[in-house]
Amino acid sequence: MDYLRARFLQELNDEGDIFIRGLSWSRQQILETMDPTANEEVFAEWVDQEKTAAKDRVRDFLAANGCLDRFRTLTELVRNGSVVPFIGAGMSVSSGFKPWGDFLLSLLPDAPQIVGKVSDLLAQSSYEEAAQAVYDEIGADIFSEEVSSRLGSHRSNFHGPIQILPFVFKHEVLTTNFDYVLSNVYRGAGLPFVREYCGAGLGDAPKRLATEPHCLLRLHGEADSDHGRVLTKAEYEAAYADSSTLPALLQRIVGTKSLLFLGCSLQSDRTFAALVALKSAENVAGPRHYAFLSQPAEEHRTARRTFLAAGGVHPVYY
């Protein structure tokens with residue numbers, strides 16, 4: 001509700017301050033001071049109107065781009081508790097965190113000599129190699145300090161649509177993010193995670209989720225610790241080896257529930273490759289997965305759909 005209230009207040013105050021003989025008040029101040037009851041009534045009415053308008057916009061857009069029936073199927077799966085959200089870096093951008101490419105480049109103020117090399121790797125979507133180049137240039141200690149300083153638990157801010165997640169998904173949540181936005185969002189909503197698993201602890205997660213389902217699984221580690229971190233090429237190779245924890249963990253979860261990717265680009269990365277491998281090894285058809293993704297150009301839709309289908313992922317375009 002904080003997300004909606006923030007939008008309401010912004011819209012209310014965007015209409016301009018009230019000026020009387022050189023003094024000014026925001027419309028929010030006037031409404032809250034003069035009639036708190038009316039303020040809540042106006043807010044409740046605005047929420048109802050916004051929900052109705054949003055549903056109409058979404059329905060019309062999804063009907064036009066051919067995703068409406070898929071969205072309705074996904075909605076029913078969510079209602080049944082059969083969907084696990086998989087949260088990527090895009091969901092943290094509205095909270096002030098940089099997209100991965102910009103983040104890696106921001107680590108190079110003292111190493112301008114490799115900015116061009118890293119930029120070229122990012123342009124080729126070679127994120128692992130770009131992170132490895134940064135790591136090799138600035139060294140392990142500086143790399144870890146920068147990650148912790150920029151993404152660590154001392155940064156407690158959260159904003160934007162990610163605030164809606166606690167009211168939709170109340171069981172396990174998967175993320176590849178290093179920041180603590182999800183932890184803060186769920187705590188702020190009065191629904192703190194019972195446990196957060198990362199690194200070696202991920203191996204215990206599947207058997208404990210049955211009795212403690214409301215947990216955060218940090219697949220690539222966390223900013224405040226080097227242990228279990230998956231960011232550089234060497235770290236990815238260790239984490240996604242055939243006998244490692246991450247592919248096995250994905251197999252356990254994918255076998256029972258659908259994943260919904262939010263804030264994920266879903267390009268040729270290791271996580272998606274693991275899904276492709278799991279799907280190709282299936283003896284019995286597993287659950288379908290879904291992703292909210294930016295709508296591609298019309299001439300690229302067939303190729304994009306085919307690529308995603310290899311991992312059992314089906315897009316809902318926005």
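Given the structure is predicted, the values throughout are model-derived calculations rather than measurements.
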Nearest-0.5 Å distance that lies between atom [atom1] in [X] and atom [atom2] in [Y]:
| X | Y | atom1 | atom2 | result |
| --- | --- | --- | --- | --- |
| Arg27 | Leu9 | CZ | CG | 13.5 Å |
| Ser125 | Gln267 | OG | CD | 6.0 Å |
| Arg305 | Leu293 | CZ | CG | 11.0 Å |
| Ile162 | Asn177 | CD1 | CG | 7.0 Å |
| Glu128 | Tyr240 | CD | OH | 9.0 Å |
| Leu107 | Tyr135 | CG | OH | 13.0 Å |

task = Apply side chain to side chain contact (heavy atoms under 4.5 Å, CB included) to the pair Leu217 and Val84, showing each step before the final yes or no.
result = CA-CA 11 Å; Leu217 281 68; Val84 176; over 6 Å; no
What is the minimum heavy-atom distance between [X] and [Y], and which atoms define it?
| X | Y | answer |
| --- | --- | --- |
| Ser258 | Leu77 | OG-CD1, 4.0 Å |
| Val118 | Ala133 | CG2-CB, 4.3 Å |
| Arg150 | Ser106 | NH2-O, 3.0 Å |
| Asp224 | Ser153 | OD2-OG, 2.6 Å |
| Gly311 | Leu275 | O-CB, 3.9 Å |
| Arg229 | Ser144 | NH1-OG, 3.2 Å |

Does [Y] offer a backbone N or O that forms a donor-acceptor pair with the side chain of [X] under 3.5 Å?
| X | Y | value |
| --- | --- | --- |
| Ser94 | His159 | yes |
| Ser148 | Glu145 | no |
| His214 | Leu191 | yes |
| Asp179 | Ser92 | no |
| His154 | Ser149 | yes |
| Asn13 | Gln28 | yes |

Measure the shortest side-chain to side-chain distance between [X] and [Y] over non-hydrogen atoms and say whether it is less than 4.5 angstrom.
| X | Y | value |
| --- | --- | --- |
| Phe272 | Leu308 | yes |
| Thr176 | Asp269 | no |
| Pro315 | Arg70 | yes |
| Leu121 | Gln132 | no |
| Ile20 | Trp25 | yes |
| Val181 | Ile87 | no |
| His220 | Glu235 | no |
| Arg270 | Val230 | no |

request  = Could you tell me whether Lys98 atom NZ has more than 12 heavy atoms of other residues or ligands within 6.0 Å of it?
outcome  = no
key: Verdict with reasoning, Leu219 to Leu250, per side chain to side chain contact (heavy atoms under 4.5 Å, CB included)   = CA-CA 9 Å; Leu219 302 186; Leu250 286 173; 4.3 Å; yes
request  = Could you give me the CA-CA distance, side-chain angles and deciding distance for Arg5 and Glu40, then say whether salt bridge (charged side-chain N to carboxylate O under 4.0 Å, His left out) is met?
outcome  = CA-CA 10 Å; Arg5 189 175 292 277; Glu40 291 304 312; 3.2 Å; yes
query = In terms of hydrophobic clustering (I, L, V, M, F, W, Y; side-chain heavy atoms under 4.5 Å; direct or indirect links), are Phe169 and Val194 co-clustered?
reply = no
task = Give the cluster check for Val185 versus Val93: same hydrophobic cluster or not, with ILVMFWY residues linked at side-chain heavy-atom distances below 4.5 Å.
result = no
In terms of side-chain geometry, is the basic nitrogen of [X] or [Y] positioned less than 4.0 Å from the acidic oxygen of its partner?
| X | Y | result |
| --- | --- | --- |
| Glu129 | Lys117 | no |
| Arg59 | Asp56 | yes |
| Lys233 | Glu237 | yes |
| Arg301 | Glu298 | no |

message = Using the rule given for side chain to side chain contact (heavy atoms under 4.5 Å, CB included), can you reason through Val78 versus Val168, listing the C-alpha separation, both sets of side-chain angles and the distance that settles it, and then say yes or no?
response = CA-CA 8 Å; Val78 171; Val168 181; 3.8 Å; yes
key: Pairs touching residues 286-295 that satisfy side-chain hydrogen bond (donor to acceptor under 3.5 Å, both in side chains), sequence neighbours left out   = Asn65-Gln295
ask   = Going by the angle between their ring planes, with limits at 30° and 60°, are Tyr186 and Phe193 parallel, tilted or perpendicular?
value = tilted
request  = Give the intermediate values and the outcome of side chain to side chain contact (heavy atoms under 4.5 Å, CB included) for residues Leu165 and Leu182.
outcome  = CA-CA 9 Å; Leu165 291 182; Leu182 282 165; 3.8 Å; yes
key: Cation-pi, Tyr180 ring and Arg218 (6.0 angstrom, 45 degrees)   = yes
task = May I ask you to check whether Gln29 and Thr33 show a side-chain donor-acceptor distance below 3.5 Å?
result = no
key: Tyr318/Phe292 aromatic ring centres below 6.0 Å   = no
query = Restricting to pairs with a member in residues 61-115, which pass ring-ring contact (aromatic ring centres under 6.0 Å, His included), not counting sequence neighbours?
reply = Phe86-Phe261, Trp100-Phe103, Trp100-Phe178
